[in-house]
2 protein chains.
Amino acid sequence: MQVLRAMKSTSVSTQKDRAESREGNQAGKREQTKLANRAAILEAGRQIFAELGYEGTTVRDIIRRTELASGTFYNYFKSKEEVFHALHDDGVARFKPLLRAARESAGQDFQAFMITAFEAYFNFLMNDQSVDREMAAMPEWTRVRFDTPESLALFDELKADIIAFATEFKLDHVDPELLTASCVGIAQEIGDRLLRGRIKDIPAAARFAAYFVLGGSQRVQSEMQA
Amino acid sequence: MQVLRAMKSTSVSTQKDRAESREGNQAGKREQTKLANRAAILEAGRQIFAELGYEGTTVRDIIRRTELASGTFYNYFKSKEEVFHALHDDGVARFKPLLRAARESAGQDFQAFMITAFEAYFNFLMNDQSVDREMAAMPEWTRVRFDTPESLALFDELKADIIAFATEFKLDHVDPELLTASCVGIAQEIGDRLLRGRIKDIPAAARFAAYFVLGGSQRVQSEMQA
DNA sequence: TACGATGTTGACGCGCTGTCAGCTTTTCGC
DNA sequence: GCGAAAAGCTGACAGCGCGTCAACATCGTA
């Protein structure tokens, strides 16, 4: 059963009407169904992943929470992995503007950028309804981590920001690759502890991380040029 | 077929002999077989995980690389996850003494401890024949991460070391939880890039990480007490 | 040697995977 | 509107991995 069946249109629009409205921005019924099905699968996936964990969920679990037949799943995704990646990328896309806002509000202030960026990330982690959040909070020993092209693009953006500030502040002996890696590692590890409740105070954690990175960069600069 | 079958003993030792030698340190045949079977499964697992990745391997793949029947697997492990955890824990156990050596050779020198510890970790990652190494080097988007009790114990040990140094150096405003998390995050993220060849110079990376942590801690201390 | 105890074996029932022939719904030209 | 073609949904199916277990083999012991 396609998910649009329940809301089958009662309109009596002519074919011409439909053609015209499609030229506007109303999509054809076929298009609508495809969007709705995809969305239904994604939403079901989000729920099931949160309930059963990545390893524990099967394509069948996802499709069962849907009104679709099992075969239909494969018209939209190749595997549960692809569903998860799509959900993950959604999260990345939602976070990206927050990082940009941090950069713009900080101007030339490296410290302000770092504090804002870390705090934005930690708040995002704790509040956004992303797949990753509930799954990371599960007390599993075997966890899953995703490096989609989307994530990697985000890291590259961060790296560009970091290079800009490093240039500005004459940190010419600080390898940007290592610096970015450190920022990402710190954010991930502290974020993980926030999600598990081992750490509570988000602003304090953000300040810690920011000062840590600032002090760390300067120390590396002075040691490496010596 | 049990793996000892091929090397069935030709000894004519009496029952008394066997009992006595068992009281020494020769194990009984039963015991030997169990050890050999377990070792065979672990070794097969190591190979298969490296070839197919964590997600890609099945219990059947592991047992097929062995002379054992499928049912036998479950006398030793509950799942492939347990096999992986055992392999992972082996790695942790091999690394632990290296961390201790770093602590002892450093004496009261925090900087020396950090440099030695990071370098030991990076060298270990790149050279030790651990499951994690080959798997991390695979160009997958979906990766797996393990927090076994064994790993967590290692982190706790590291945290204790860090607390000791932090006390020594009057870093009383630096949250040890956050500091440990940062060290672990930096080590993991830089280690990951080493494994993927994005970073090459191990000693340089170790110095970077060490100076970064030192400078970061001091900066946090001065900012937080202000 | 004989007899429990211990451990191994592989076939089995179950559930998941990805596919595909058949069917339903939508689109579109007339 | 109508009818044919295109699009896409459906669920049964073959293949395979899972964990179990009754039957069997081997070991330990007296």
Checklist entry - When you measure from every atom of DNA chain D, which of residues 72-84 of chain A have a heavy atom less than 4.0 Å away? => result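 The answer is A:Thr72, A:Asn75, A:Tyr76.
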
Can you measure [X] atom [atom1] to [N] atom [atom2] for me and round it to whole angstrom units?
X       : N      : atom1 : atom2 : value
B:Asn37 : D:dC27 : CG    : C1'   : 14 Å
B:Ile63 : D:dG19 : CD1   : C1'   : 13 Å
B:Arg64 : C:dG10 : CZ    : P     : 14 Å
B:Glu67 : C:dG10 : CD    : C1'   : 16 Å
B:Leu68 : D:dG19 : CG    : P     : 17 Å
B:Ile48 : D:dG17 : CD1   : P     : 12 Å
A:Gln32 : D:dA7  : CD    : P     : 18 Å

Item to check | Verdict with reasoning, B:Asp61 to B:Arg64, per salt bridge (Lys or Arg N to Asp or Glu O under 4.0 Å) | outcome: CA-CA 5 Å; B:Asp61 290 327; B:Arg64 265 198 292 272; 3.0 Å; yes

Checklist entry - According to the interplanar angle, ranging from 0 to 90°, do the rings of A:Phe208 and A:Phe212 count as parallel (below 30°), tilted (30 to 60°) or perpendicular (above 60°)? => result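 Aromatic pair A:Phe208/A:Phe212 classed parallel.
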
Checklist entry - Do the rings of A:Phe84 and A:Phe146 sit parallel, tilted or perpendicular, given the 30° and 60° boundaries? => result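 Correct class here is parallel.
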
Checklist entry - Given that B:Glu31 and B:Gly71 both sit by DNA chain D, which one's nearest nucleotide is further toward the 5' end? => result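 Nearer the 5' end of the strand: B:Gly71.
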
Next on the checklist: Tell me whether the side-chain N/O atoms of A:Lys29 come closer than 4.0 Å to OP1 or OP2 in C:dT27.
Outcome noted: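 No, because none of the side-chain N or O atoms of A:Lys29 sits under 4.0 Å from OP1 or OP2 of C:dT27.
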
Checklist entry - C:dG10, D:dA7, D:dC9: which one has an atom nearest the side-chain heavy atoms of A:Arg30? => result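 Given the options C:dG10, D:dA7, D:dC9, the side chain of A:Arg30 is closest to D:dA7.
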
Checklist entry - Is B:Glu177 salt-bridged to B:Lys159, going by a charged N under 4.0 Å from an acidic O? => result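 Salt bridge flag = yes for B:Lys159 with B:Glu177.
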
Item to check | Any donor-acceptor pair under 3.5 Å from A:Arg38 side chain to A:Tyr76 backbone | outcome: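 No.
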
Checklist entry - Of the residues in residues 51-61 of chain B, which ones touch DNA chain C at a heavy-atom distance under 4.0 Å? => result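 By residue number: none to list.
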
Checklist entry - Any side-chain heavy atom of B:Val131 within less than 4.5 Å of one from B:Tyr54? => result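 Side-chain contact under 4.5 Å: no.
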
Checklist entry - Does any non-hydrogen side-chain atom of A:Glu157 lie less than 4.5 Å from one of A:Arg103? => result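 Side-chain contact under 4.5 Å: yes.
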
Item to check | Between CD on residue A:Gln47 and CG on residue A:Leu52, distance to nearest 0.5 Å | outcome: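 Here the rounded value is 11.0 Å.
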
Next on the checklist: Can you list everything that forms a salt bridge (charged side-chain N to carboxylate O under 4.0 Å, His left out) with B:Asp192? Sequence neighbours excluded, please.
Outcome noted: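 B:Arg143, B:Arg196.
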
